[in-house]
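Note that the coordinates shown come from a computational prediction; the quantities given were computed from them, not determined experimentally. These values consider heavy atoms only, across backbone and side chains, with no hydrogens, waters or symmetry-generated copies.
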Amino acid sequence: MHVPDGFLGPQTWLPATGAAAVGWAWASRHARTSLKAEHVPSLGVVTAACFGLMLVTIPLPGGTSIHITGIGLLALRFGVATSYLAITLVLTLHALLLGDGGLTTMPLTSLALGLAGASAVVAVHRLGRRFAGSYAPGVAAFAGVVIAATIMAVALGLQPLLAHDPQGAPLYFPFGLKTTLPAVVLPHLIVGLLEGTLTVTALRALGDDAVGGRP
């Protein structure tokens with residue numbers, strides 16, 4: 001989900017930056033009141049794990065790649081607000097230190113993965129506990145990854161419609177929804193399965209009290 005600079009036009013990344021900034025302000029206020037001091041060390045460890053997981057990419061035909069994100073574990077342990085801030089930090093460090101993803105596209109990616117994805121994880125986990133039992137965290141993590149991937153696929157696929165020259169040639173990302181939805185979402189179904197397995201395994205190792213799931 002690391003999108004380079006130049007793939008999104010200002011019609012997309014400027015509003016996304018504004019929305020992300022509002023989200024960061026909300027998340028910062030919420031995290032100050034909800035995050036306990038004793039949880040900060042484990043938050044650092046999980047955030048570092050997310051940083052490392054996103055470095056391990058699997059190349060796909062067509063020049064794209066996929067990777068596990070760790071959003072399931074992050075959201076279920078620390079809630080949506082803290083996950084949003086942690087994912088933003090990881091994406092920013094990837095862009096600044098490694099050139100993996102862009103700074104202009106980072107706000108949209110953080111919204112998709114850290115806010116929408118984490119919210120989906122928490123919501124699906126709450127709904128699924130009575131049906132999926134101990135596998136609910138895995139189902140939730142799967143849903144979070146697929147939701148985030150779908151948002152990014154739609155954002156990319158809309159670029160030819162949002163920004164083009166008078167002749168209709170795309171100015172930024174050139175492929176439409178018919179290409180981006182299958183190319184992005186289908187591989188992330190596999191990522192979601194891996195993410196779900198990782199989340200269930202990690203939470204079982206940490207114990208049942210590891211699941212927080214607070215907004």
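No side-chain heavy atom of T82 sits under 4.5 Å from any side-chain heavy atom of R77. V154 places none of its side-chain heavy atoms less than 4.5 Å from the side chain of T180. Counting only heavy atoms from C-beta outward, the side chains of V46 and F78 approach each other to under 4.5 Å. Residues L194 and L198 form no side-chain contact, since every pair of their non-hydrogen atoms from C-beta on lies 4.5 Å or further apart. L85 places a side-chain heavy atom less than 4.5 Å from the side chain of S28. In this structure the side chain of L103 reaches within 4.5 angstrom of the side chain of L96, judged on heavy atoms. Residues V3 and M106 have side chains not in contact (no heavy-atom distance under 4.5 Å, counting atoms from C-beta outward). Two residues are said to be in side-chain contact when any heavy atoms from C-beta on lie closer than 4.5 Å; L193 and F142 meet this criterion.
The main-chain N or O of A163 is never found under 3.5 Å from a side-chain atom of Q11 such that the two would form a donor-acceptor pair. The main-chain N or O of F175 is never found under 3.5 Å from a side-chain atom of T179 such that the two would form a donor-acceptor pair. Although no hydrogens or angles enter the test, the distance criterion places a donor-acceptor pair under 3.5 Å between the side chain of T17 and the main chain of W13. A donor-acceptor pair under 3.5 Å links the side-chain atoms of S42 to the main chain of H39, judged by distance alone. Side chain of E195 to main chain of G70: a donor-acceptor pair is present (N/O by atom type, distance under 3.5 Å, no hydrogens or angles). With hydrogens and angles ignored, the 3.5 Å screen pairs no side-chain donor or acceptor of H125 with any backbone N or O of V121. For the pair H188 (side chain) and V145 (backbone), a donor-acceptor distance under 3.5 Å is absent.
Note on L181: it does not cluster hydrophobically with L113, by side-chain heavy-atom contacts below 4.5 Å among ILVMFWY residues. Under the 4.5 Å side-chain contact rule for hydrophobic residues, L93 and V90 share a cluster. One hydrophobic cluster, built from ILVMFWY side chains closer than 4.5 Å, cannot hold both V200 and L203; they sit in different ones. There is a path of hydrophobic side-chain contacts, each under 4.5 Å, that joins F51 to L43. Both L98 and L91 belong to a single network of hydrophobic side chains, linked directly or stepwise wherever heavy atoms of I, L, V, M, F, W or Y lie under 4.5 Å apart.
The aromatic rings of W24 and Y84 lie parallel to each other, with less than 30° between the two planes, well short of the 60° mark. Classified by interplanar angle (parallel below 30°, tilted 30° to 60°, perpendicular above 60°), the ring pair F7/F173 is tilted. Aromatic ring pairs are classed by plane angle as parallel below 30°, tilted from 30° to 60° and perpendicular above 60°; the pair H30 and W26 is tilted.
A distance of 7.5 Å separates OG1 in T57 from CG in D100, rounded to the nearest 0.5 Å. Rounded to the nearest 0.5 angstrom, T104 OG1 and D5 CG are separated by 3.5 Å. A distance of 8.5 Å separates CD1 in I151 from CG in L111, rounded to the nearest 0.5 Å. Of the inter-residue distances, the one linking I71 atom CD1 with S119 atom OG reads 9.0 Å to the nearest 0.5 angstrom. With rounding to the nearest 0.5 angstrom, the CG atom of L73 is 11.5 Å from the CD1 atom of I68. Distance check: L156 CG to L8 CG gives 5.5 Å after rounding to the nearest 0.5 Å.
The one candidate from I147, T105, T109 that meets the side chain to side chain contact (heavy atoms under 4.5 Å, CB included) condition with M152 is T109.
A16 and L108 get closest at one heavy-atom pair: CB-CB, 4.0 Å. Here the closest non-hydrogen pair linking C50 and L74 is SG-CD2, 4.2 Å. A37 and P41 get closest at one heavy-atom pair: O-CD, 3.6 Å. The shortest non-hydrogen separation linking A143 to V124 is CB-CG2, 3.8 Å. The two residues P160 and P170 have their closest heavy-atom pair at CB-CG, 4.0 Å. Between A81 and A27 the shortest heavy-atom distance is O-CB, 3.5 Å.
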Determine, stepwise, if the pair T69 / L53 fulfils side chain to side chain contact (heavy atoms under 4.5 Å, CB included).
CA-CA 6 Å; T69 66; L53 287 170; over 6 Å; no
What verdict does the side chain to side chain contact (heavy atoms under 4.5 Å, CB included) test give for T12 and L158, after you've listed the backbone C-alpha separation in whole Å, the side-chain angles of each residue and the deciding distance to 0.1 Å?
CA-CA 9 Å; T12 300; L158 288 177; over 6 Å; no
